[in-house]
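The structure under discussion appears below in the form of structure tokens.
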Number of protein chains: 2
Amino acid sequence: MRDFSQLQHPCGNCGFQDQSLWQPVSGALLPTLNRGFNRVPLETGQILFGQGEENTGIYCISKGLIGMRSCQGDGRSTLLRLGYPGEIIGFRSFMAGQPHHTEAQALIPSRVCMVPRHAVRQILDRSPEVLGRLADRCIQEIDRSHAHIIAAATSSNTERLSDLLAKLLQIHGQDYADGRRMELPLSRADLADLLGIRPETLSRVVARLASNGPYTIRGREVLLRS
Amino acid sequence: MRDFSQLQHPCGNCGFQDQSLWQPVSGALLPTLNRGFNRVPLETGQILFGQGEENTGIYCISKGLIGMRSCQGDGRSTLLRLGYPGEIIGFRSFMAGQPHHTEAQALIPSRVCMVPRHAVRQILDRSPEVLGRLADRCIQEIDRSHAHIIAAATSSNTERLSDLLAKLLQIHGQDYADGRRMELPLSRADLADLLGIRPETLSRVVARLASNGPYTIRGREVLLRS
DNA sequence: CAGTTGCACTGACGGTCGTCAAGACCGACG
DNA sequence: CGTCGGTCTTGACGACCGTCAGTGCAACTG
């Protein structure tokens with residue numbers, strides 16, 4: 001269905017290599033991330049940055065859905081987490097001065113704005129208080145990790161899949177007729193990775209959700225029943 | 001064995017209310033946390049701050065072991081995570097300007113140095129780059145959360161208990177004869193909370209570890225076999 | 001001293017998961 | 001049109017966990 005063959009290499013096709021797109025920013029960082037820098041459109045499957053690449057800045061997800069993937073040496077990749085609109089990615093490796101330790105890929109048509117490394121530095125030099133807001137993002141991420149841990153310990157897989165589908169429908173369902181239907185932007189294997197279970201188990205969870213829960217999944221088609 | 005009756009209230013007995021203990025700090029924050037501010041000794045069971053209290057500063061664990069506990073309305077409490085020497089706690093609520101959402105309690109005799117809120121502000125005004133180091137701590141916490149998630153998904157309960165005991169022995173075992181024995185600083189319920197399982201299951205994991213693993217636990221006595 | 005309380009361990013049962021294996025479905029390709 | 005390969009599903013089996021209930025033990029209490 002999708003042809004990712006020409007999209008495999010991150011820097012050749014991500015649209016961020018054109019520095020003419022970058023504009024200087026004055027004032028606080030976060031409010032201007034969607035204004036001062038052009039938002040670059042990404043097609044489904046397009047890669048923002050690859051695992052092990054040098055950090056070249058921070059990215060603010062303006063629209064769409066980004067998958068953060070960890071690739072093992074043997075070619076197998078694991079979908080670690082999702083990036084939703086409004087979130088900033090790449091901040092961790094930016095602060096730590098380390099290469100990206102995950103790959104970021106657009107799972108649906110998305111828009112992302114990238115603030116290059118030197119611009120972030122410039123902003124922080126001029127307005128140190130901006131770092132406080134970035135720290136806020138950091139804290140949000142910690143909270144989310146904690147919520148993830150608690151959710152894994154308390155709620156069932158069926159509930160977690162249901163919550164995930166609700167979130168995806170909220171983001172991606174608007175592109176369809178009535179917001180109660182969408183094409184699932186993830187493979188079964190990726191879904192299983194996100195929930196921390198095996199694909200076979202996921203298949204049973206999907207069946208359980210179809211009989212007891214509000215969602216029906218047939219192939220890539222997701223339906224929210226009344 | 002232990003009498004926590006007079007230690008229940010945090011502010012009355014934590015040693016931090018004496019502002020004469022606090023000294024101004026010049027230069028970077030983190031290197032001075034163990035120098036510029038007095039390290040206050042804490043007895044086992046003593047409470048640094050309670051859930052819902054206003055944040056009065058950040059704490060650096062200099063020695064010992066701190067338990068971060070979440071208390072529900074019905075009186076039940078859940079041990080969420082442990083604070084090890086070198087770690088900073090209270091940073092999250094400091095940055096967010098919110099009350100502490102967990103209670104912090106010394107699980108073994110510990111030393112903690114507290115940097116009061118106004119001093120942190122003063123330091124950050126004078127040396128904005130210090131915030132970067134605090135952000136580093138933030139990132140470490142994110143990494144640890146991710147590691148926790150991955151560990152929960154991949155390794156078995158027996159392995160996770162084994163790893164936890166190794167870490168505890170490394171910190172607390174030095175207080176005993178040969179570092180291969182210690183008094184477990186956690187109840188079975190707290191241990192189960194940390195591993196995300198029920199106490200009954202923990203009991204079986206302990207039995208499994210005694211027959212197949214390197215640790216024997218009898219009551220509060222932990223033994224590392226050759 | 002008996003009774004109570006709190007904590008830890010054990011057993012039985014049902015449910016879910018991981019693993020292995022087999023089958024179903026579907027698009028690609030010759 | 002048939003074959004191939006990949007993805008998804010289904011079944012059977014064993015292992016583990018959560019729940020419930022019961023037991024043993026130690027400390028405390030009147």
Side-chain angles (χ1 to χ4, degrees), chain A residues 1-5 44-45 67 69 74-79 107 149-162 165 183-213 215-223, chain B residues 1-5 45 67 74-79 107 149-162 165 183-213 215-223:
Chain A
M1 185 189 309
R2 293 169 187 157
D3 180 16
F4 296 166
S5 57
T44 299
R69 207 180 289 275
D74 57 355
R76 303 190 85 67
S77 77
T78 307
L79 190 60
L107 299 176
I149 292 174
I150 293 173
T154 59
S155 63
S156 70
N157 285 329
T158 314
E159 289 171 302
R160 272 153 55 217
L161 175 58
S162 188
L165 289 177
E183 189 192 356
L184 189 63
L186 300 166
S187 72
R188 295 291 194 271
D190 283 345
L191 258 184
D193 283 342
L194 274 183
L195 297 179
I197 57 178
R198 300 283 143 182
E200 298 96 328
T201 304
L202 172 67
S203 186
R204 293 178 185 112
V205 172
V206 166
R208 226 174 294 157
L209 201 58
S211 64
N212 300 329
Y215 293 99
T216 307
I217 308 180
R218 265 196 317 269
R220 290 262 176 158
E221 174 100 9
V222 179
L223 227 82
Chain B
M1 185 190 308
R2 293 166 186 161
D3 180 15
F4 295 167
S5 56
D74 58 354
R76 303 189 86 68
S77 76
T78 307
L79 190 60
L107 298 176
I149 292 174
I150 292 173
T154 58
S155 64
S156 70
N157 286 328
T158 314
E159 288 171 302
R160 272 154 53 217
L161 175 58
S162 189
L165 289 177
E183 189 192 355
L184 189 63
L186 300 166
S187 72
R188 294 293 193 269
D190 282 345
L191 258 185
D193 283 342
L194 274 183
L195 297 180
I197 56 178
R198 299 284 142 181
E200 297 96 327
T201 304
L202 173 66
S203 186
R204 295 178 184 113
V205 172
V206 166
R208 229 172 292 159
L209 201 57
S211 64
N212 300 330
Y215 293 100
T216 308
I217 307 180
R218 264 197 317 270
R220 291 262 175 156
E221 176 100 10
V222 179
L223 227 81

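The model shown is predicted, which means the values in this text are computed figures rather than measured ones. Sequence lines set the chain letters: A, B, ... in the order given, protein chains first and strands last, and positions in each chain run from 1.
- Atom-to-atom, CD1 of A:Ile217 to C1' of D:dT9 comes out at 13 Å; the value is rounded to the nearest Å.
- At distances below 3.5 Å, not a single donor-acceptor pair connects side-chain atoms of B:Glu221 with backbone N or O atoms of B:Arg218.
- Note: CG (A:Leu209) to P (D:dT9) measures 13 Å, nearest angstrom.
- Remark: P of D:dT7 and CG of A:Leu202 are 15 Å apart, rounded to the nearest angstrom.
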Considering only distance and modelled atom types, tabulate donor-acceptor pairs under 3.5 Å from the side chains of residues 186-197 of chain B, sequence neighbours left out.
residue, atom, partner, partner atom, Å
B:Ser187, OG, B:Ala189, N, 3.4
B:Ser187, OG, B:Asp190, N, 3.2
B:Arg188, NH1, B:Gly219, O, 3.0
B:Arg188, NH2, B:Gly219, O, 3.0
B:Asp190, OD1, B:Arg69, NH1, 3.0
B:Asp190, OD2, B:Arg69, NH1, 3.3
B:Asp190, OD2, B:Arg69, NH2, 3.4
B:Asp193, OD2, B:Leu79, N, 3.2

Summary of protein contacts for nucleotides 11-17 of chain D, nucleotide by nucleotide, where a base hit scores B, a sugar-phosphate-only hit scores S (4.0 Å, heavy atoms): BB----S
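- Taking atom CG of B:Leu195 as the reference point, atom P of D:dG18 lies 11 Å away to the nearest angstrom.
- Rounded to 10°, the angle separating the first-five-pair axis and the last-five-pair axis of the helix from C:dC1-D:dG30 to C:dG30-D:dC1 equals 10°.
- With rounding to the nearest 0.5 angstrom, the CG atom of B:Leu209 is 8.0 Å from the OH atom of B:Tyr215.
- Of the possible donor and acceptor atoms, none in the side chain of A:Arg220 sits under 3.5 Å from a partner among the backbone N and O of A:Glu183.
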Close N/O contacts between protein and nucleotides 4-8 of chain C (under 3.5 Å):
residue, atom, partner, partner atom, Å
C:dA8, OP1, B:Arg188, N, 3.3

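- Inter-residue side-chain proximity for A:Thr216 and A:Val222 is flagged as unmet; no heavy-atom pair is nearer than 4.5 Å.
- Atom pair B:Arg218:CZ and C:dC9:C1' shows a separation of 15 Å (rounding to whole Å applied).
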Nucleotide N/O to protein N/O under 3.5 Å, stretch nucleotides 22-27 of chain D:
none

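- The CZ atom of A:Arg208 lies 8.5 Å from the OG1 atom of A:Thr201; values are rounded to the nearest 0.5 Å.
- Every residue meeting the side chain to side chain contact (heavy atoms under 4.5 Å, CB included) condition with B:Val206, not counting sequence neighbours, appears here in chain and number order: B:Leu161, B:Leu202, B:Ile217.
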